[in-house]
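One structure is given below, encoded as structure tokens.
Whatever order the structure lists them in is the order used to number ligands and atoms, beginning at 1. The first residue in the sequence is number 1, and the count goes up from there. Excluded from the calculations below are hydrogen atoms, water molecules and symmetry mates; all remaining heavy atoms, backbone and side chain alike, are included.
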Amino acid sequence: MDNTTDIHCITLPTPFTVGDVNVYLINDEKLTLVDTGPKTKEAWEAFLTQINKLGFNVTDIDQVILTHHHPDHVGLADYLKGNGTRFIGLAYNQPWLQKDPAFLEHHDAFYLRVYREMGIEKFHEKAMQRIRGYLDYSCSINIHTIVKEGDRIDGLPGWIVIETPGHAQGHLSLFKEEDGFMIGGDHLIQHISSNALIEPPPIGVQERPKTLLQYRDSLRKLLDLNVNMVYAGHGKPVANPKDLIRKRLVKQEERAGDIRDMIIDQPKTGFEICQNLFPTIFLKELGLTMSETLGHLDLLSRNDQIRVTEQDGVLYFQAKEVM
Ligand SMILES: [Zn+2]
């Protein structure tokens, strides 16, 4: 029996600030693609060239596993769906990828509430337009096989699904225990710290997901597994994932400490804290910077280090005195 895993990395251009995205072709009982790249002509051409160079045609792909719903990872699925290719992913991603109008309405209402609480309601409409712009690079597909934690994938012996929410609400990583390999999507990236983006919960759930707390739990989850190589969605493979995870966890605690220092003397809104933290890019990268701010406030709140009060729908955050 051949137990060497045949994984090929295909790197594709994206129109986003993150730069190139990596998708992975696993040649096993079924030819499986993990993620697809964004829906652009450039990405499609680069994909065709590279898959042909590996000795395959697009029509050879049996199945596509999607790590999460972000456009740079799923868009080209639109170009693959005509070939009878089956799509596999977590349930949360389905309404995103179907561009379900009811979900998009729920999405906008969710952000309106968050933006109001952060004191940035005036930016809501613009932010929603921006997200709609991103969706042009996404796809409209149906996920045929919904998977969950611990599931095995048909035609991909030895690999299991590990749910790693945080960067995205429906984020999975694929783990092959016997080799210590993980295909990690955007869960762990060597050259940049992955952002725990604030995203809406599924329809019907009211509570805002505490994405940084989820993300930290998902990072710690890897510490308990035999993972020694993470093939990332961006950049080089992570060869010492556990060291990097410990570094990331500490960095987050340090940033939370910095935020706490900003709100010792007087309470501040989320927006004020965000401006202090990111004086030059807070508006240009509102989604990222607000997620970063709110995530670390959640961390302080969970550690009982801050007090949160509300006035006219806006939240004010202040450090608690240290005894
Ligand atoms: Zn992503």
Side-chain angles (χ1 to χ4, degrees), residues 9-24 33-40 43 47 64-78 87-97 99 103 107 111 127 130-139 141 143 161-174 182-202 209-212 214-219 221-222 230-238 241 244-245 248 252 285-292 294-295:
C9 177
I10 297 177
T11 302
L12 305 171
T14 81
F16 308 117
T17 34
V18 70
D20 291 350
V21 66
N22 298 325
V23 305
Y24 294 92
L33 181 68
V34 184
D35 287 343
T36 71
K39 190 167 75 178
T40 66
F47 182 72
V64 176
I65 304 173
L66 301 167
T67 60
H68 64 299
H69 66 85
H70 294 164
D72 51 334
H73 294 260
V74 301
L76 280 187
D78 260 359
F87 295 105
I88 300 167
L90 297 178
Y92 176 81
N93 300 287
Q94 186 77 291
W96 275 102
L97 301 188
K99 293 184 176 160
F103 180 77
H107 165 281
Y111 281 112
R130 204 164 162 200
I131 292 175
R132 291 287 187 280
Y134 287 137
L135 289 185
D136 291 344
Y137 298 100
S138 186
C139 56
I141 59 153
I143 301 177
V161 172
I162 305 285
E163 291 194 32
T164 45
H167 167 70
Q169 281 308 290
H171 191 292
L172 66 78
S173 299
L174 284 173
M182 180 169 270
I183 298 184
D186 285 351
H187 186 44
L188 189 66
I189 301 171
Q190 182 76 55
H191 65 290
I192 39 171
S193 63
S194 193
N195 197 294
L197 291 166
I198 302 292
E199 288 188 341
K210 307 284 189 294
T211 57
L212 185 69
Q214 283 179 330
Y215 181 57
R216 287 168 62 80
D217 288 343
S218 294
L219 282 178
K221 199 172 185 179
L222 268 56
V230 176
Y231 294 98
H234 304 276
K236 292 195 180 78
V238 183
L244 186 60
I245 286 170
R248 294 276 190 265
Q252 289 157 4
E285 297 288 352
L286 197 60
L288 294 175
T289 57
M290 284 306 299
S291 296
E292 197 67 12
L294 197 46

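Counting only protein atoms, the N, O or S atoms lying less than 2.8 Å from the Zn ion (ligand 1) are His68 NE2, His70 ND1, His167 NE2, Asp186 OD2, ordered by chain and residue number.
For Tyr111, the ring-ring contact (aromatic ring centres under 6.0 Å, His included) partners at least two apart in sequence or on another chain are His107.
Judged purely by distance below 3.5 Å, without hydrogens or angles, the side chains of Asp35 and His68 never pair a donor atom with an acceptor atom. Residues His167 and His70 have side chains that bring a donor and an acceptor to within less than 3.5 angstrom of each other.
Remark: the backbone N or O of Gly235 is paired with a side-chain donor or acceptor of Asn22 at under 3.5 angstrom. Side-chain N or O atoms of Tyr92 include none that pairs as donor or acceptor with a backbone N or O of His171 at under 3.5 Å.
Annotation: Tyr137, atom OH; neighbour count of heavy atoms from other residues, nucleotides and ligands within 6.0 Å does not exceed 12.
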